[in-house]
Every structure is written in C-alpha cells, then in structure tokens.
Amino acid sequence: MFVCDYRDGQWQTPEIVPYAPMELSPAASVLHYGQAVFEGMKAFKDDEGSVWLFRPDQNAKRINKSAERLAIPQFPEALFLDGMKQLITIDKAWVKAGKGNSLYLRPFVFASQAGVQASAATEYRFMTICAPVSSYYGGEVRVKIADHYSRAPQGGTGYAKAAGNYGGQFYPTQLAKSEGYQQVIWTDAATHEYIEEAGTMNLFFRIGDTLITAPTSDSILDGVTRKSILDLAKHLGLKTEVRMLRVAELIEASKTGTLLEIFGSGTAVVVQTINGFGYKGEKFETPLPENSFALMLKEKLMDIQYNYAEDPFHWRYKVCD
Ligand SMILES: *Cc1c(COP(=O)(O)O)cnc(C)c1O
C-alpha cells in the first residue's frame with residue numbers, strides 16, 4: 001500500500017509498505033466528522049503482459065476536486081500518478097490478464113488528526129490499497145427510483161467522492177433490497193421529479209435512437225466512464241443527449257415502448273445493464289434488446305482498456321511492461 005502523511009502544512013515523503021492494519025487515534029477526526037474522500041480505478045494487463053491504467057489523470061484531478069469540497073489539502077497530481085505507477089509495478093503479478101480481470105485501486109484521504117473539535121483537521125493520511133477483481137455486479141439488476149430519500153442535495157457534496165455520500169445510501173438501499181431491488185436510482189432532492197444517478201454509477205437511457213444521460217451538477221458525480229461513453233458513442237455515430245430526464249418521461253417511454261434500454265456506467269462495472277425499475281410500487285421491465293448499445297459500448301470501451309483496440313482518444317496510460 002502507498003502511504004503519505006500530511007502534517008506541518010505539507011505532504012511528507014511517501015512510502016510503499018506491505019498491506020497491514022495501522023494505528024489510528026480513537027479521536028481521529030475522520031471517525032467523528034467524516035472528513036474523507038476516495039477514488040476508484042483499475043489497472044489492466046494486455047496479452048503481452050504490459051499493464052495499463054485508464055485515464056488516471058482524471059482520477060488525480062477528481063480526488064482534489066472532492067478534497068477541496070471537504071476542506072482536505074490538495075494532493076500533488078504528479079505524486080498521485082507516480083505513486084500509483086510504482087505501487088502497481090511492485091504488485092504487477094496481481095494484475096491478471098484477460099478481459100474482465102483487473103487490479104482495483106482505491107486511493108483515499110482521511111483526517112487522521114486526533115481531537116474532537118468540529119473543524120477541518122490539520123493532519124491527513126493519503127493511501128492507496130489494491131485488490132485483484134473480476135467483475136463487480138453479476139446477474140440481473142433491478143432498481144428502485146427514489147421518491148422519498150435523497151443522495152445529494154443542491155449545494156451539497158454529491159459531486160465529490162466523499163465517504164459520507166455512500167454511508168447515507170445504505171439504509172434506503174437496504175429498504176429497496178427488501179422490496180426486491182438491487183439498487184436505488186436517485187432523483188433530485190428538491191422535487192424527486194428528475195433522475196440523477198445510481199449509488200456508484202451514472203445512468204444512461206436509450207429512448208428511441210437517442211442515448212440520454214443527466215448533465216453533471218453539484219449533486220451528480222462526474223464519472224470518468226460516463227464521459228468516456230459519451231465520447232465513444234459520438235465517435236460511433238450514435239445520437240446522444242445530455243439533459244435532465246423526468247421520471248414521468250421515463251415511465252411514459254416505457255409504456256409506449258420507446259424506452260429500449262437502461263444502463264449504468266462506472267469503473268467497477270464499466271457498463272451494467274438494468275433489467276427493470278420500480279416507481280411508487282409500480283414495476284417496469286427493460287429486457288436487453290437485440291443490438292444493445294450497452295453491450296456494444298462495454299465491449300468497445302474494454303477493448304481500449306485492455307489494449308485490444310486502437311485508442312483514438314489517448315485514454316490508455318502505460319504503467320509498466
Ligand atoms: C464513482 C462514482 C461514479 C462512477 O464514476 P467513474 O469515474 O466512472 O468510476 C458514479 N456515481 C457515483 C456516485 C460514484 O461515486
């Protein structure tokens with residue numbers, strides 16, 4: 001694991017050490033006030049044994065965008081990338097080749113300072129841990145559209161990968177699970193009329209021949225997979241629209257048959273097809289169509305990630321051979 005501490009107003013010399021539990025004061029600020037942000041990325045191995053990251057510059061920038069919102073000091077982007085590169089190079093035997101296999105990387109920063117006053121800490125720890133993964137979600141996924149609970153209000157921390165955004169979702173998600181859904185689709189906190197995103201995925205809706213996704217905002221996470229899919233879809237000549245989608249429009253499209261598919265996007269799943277949704281007790285099915293955009297985009301994106309295809313966007317980043 002990669003470890004770098006912040007104290008006396010600066011980041012200290014980082015270290016890469018064996019994965020192990022660590023000592024933390026029970027008064028550590030993160031345990032009381034939740035000052036913590038994270039990232040999620042993957043390293044891929046191609047058939048020649050070279051290891052690649054996918055757009056890691058975007059994660060380096062985003063962790064600082066998240067950190068700023070939580071009053072956590074900025075971590076130098078060059079150190080983020082170089083630390084990641086060195087960590088993966090040491091652990092490269094853990095990156096298994098083959099589509100679907102990867103080394104999941106979890107960079108995170110938290111307030112390590114002891115003290116229970118409710119204000120921004122002066123000491124932090126930046127770490128990156130990793131683990132080999134195959135695929136994240138399996139099987140069919142049905143989602144419940146939120147009509148009561150909210151993930152992120154306007155002016156809140158929804159655009160940040162802030163720890164607390166996730167903890168607050170577990171209870172409503174447990175309730176949705178007890179009703180037979182796997183996840184919640186969040187709607188805007190003010191009216192619950194507009195679709196925002198899922199717990200750790202951005203969402204795409206194919207209505208007619210158009211792929212629709214919500215614009216990023218302060219309540220929506222600016223996903224790297226989301227923007228890559230938008231670029232890829234345009235490159236492939238698909239019609240895309242970045243706009244707010246009303247729940248009522250989605251239900252109407254489902255009833256009239258113009259809603260062809262729904263999918264989520266995120267580093268963990270790349271693309272997750274969604275087989276159905278529920279809203280206020282009513283259930284709708286969205287079976288996978290022939291010539292699914294979701295599956296086609298997933299394959300194309302993974303081909304770029306695994307160095308199986310040309311990378312016209314220069315998204316791949318070589319870690320080591
Ligand atoms: C991480 C995350 C995503 C997906 O972002 P990627 O950069 O594509 O992995 C979407 N929504 C939320 C809330 C997230 O935390």
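Basis for what follows: all heavy atoms, side chains included, without hydrogens, waters or symmetry-related copies. Atoms within each ligand, like the ligands themselves, are counted from 1 in listed order.
The nearest heavy-atom contact from the protein to atom 9 (O) of ligand 1 is Thr267 OG1, 2.6 Å. Protein heavy atom in closest approach to atom 4 (C) of ligand 1: Thr200 O, 3.6 Å.
For the atom pair Lys280 NZ and His148 NE2, the distance stands at 12.0 Å (nearest 0.5 Å). Considering CG of Leu245 and CD of Glu193, their distance stands at 12.0 Å, rounded to 0.5 Å. Note that CZ of Arg243 is 4.0 Å distant from CD of Glu249, once rounded to the nearest 0.5 Å. One distance of note links CG of Leu238 with CG of Leu230; it measures 10.5 Å at 0.5 Å rounding.
Distances shorter than 4.0 angstrom occur between a heavy atom of Arg151 and an atom of ligand 1. Using 4.0 Å as the threshold, Gly199 has a heavy atom nearer than that to some atom of ligand 1. The shortest separation from a heavy atom of Met41 to ligand 1 is not under 4.0 Å, leaving the residue out of contact.
In summary, Lys318 and Asp321 engage in a salt bridge, as defined by a charged side-chain N under 4.0 Å from a carboxylate O.
Listed by atom number, the atoms of ligand 1 under 4.0 Å from Gly223 heavy atoms are 5 (O), 6 (P), 7 (O), 8 (O). Applying the 4.0 Å criterion to heavy atoms of Gly266 picks out, from ligand 1, the atoms 4 (C), 8 (O), 9 (O). Close approach to Arg62 involves these atoms of ligand 1, each under 4.0 Å from a residue heavy atom: 5 (O), 6 (P), 7 (O). Atoms of ligand 1 lying under 4.0 Å from any heavy atom of Val224, numbered from 1 in the order shown and given with element: 6 (P), 7 (O), 8 (O).
For a threshold of 3.5 Å applied to N or O pairs, the pair formed by Asp222 and ligand 1 contains no separation below that value. The shortest N or O to N or O distance between Tyr166 and ligand 1 is under 3.5 Å. At a 3.5 angstrom cut-off on N or O pairs, Ser265 does not count as close to ligand 1.
For Lys45 and Trp52, the positive end is not near the middle of the six-membered ring at less than 6.0 Å and at most 45° from its axis.
The option with the heavy atom closest to atom 8 (O) of ligand 1, from among Asn165, Thr225, Leu203, Asn59, is Thr225. Of the candidates Lys161, Glu197, Glu196, Arg226, it is Glu197 that places a heavy atom closest to atom 11 (N) of ligand 1.
Using a 3.5 Å distance cut-off with no hydrogens or angles, the side chains of Arg142 and Tyr181 do not pair a donor with an acceptor. Donor-acceptor pairing under 3.5 Å is recorded for the side chains of Thr191 and Asp188.
Contact record, Thr122 with Gln113: N-OE1, 2.7 Å, taken as the closest heavy-atom pair. Taking every heavy atom of both residues into account, Tyr124 and Ala111 meet most closely at CD2-CA, 3.5 Å.
Within the 4.0 Å heavy-atom criterion, the part of Leu221 lying near ligand 1 is the side chain and not the backbone.
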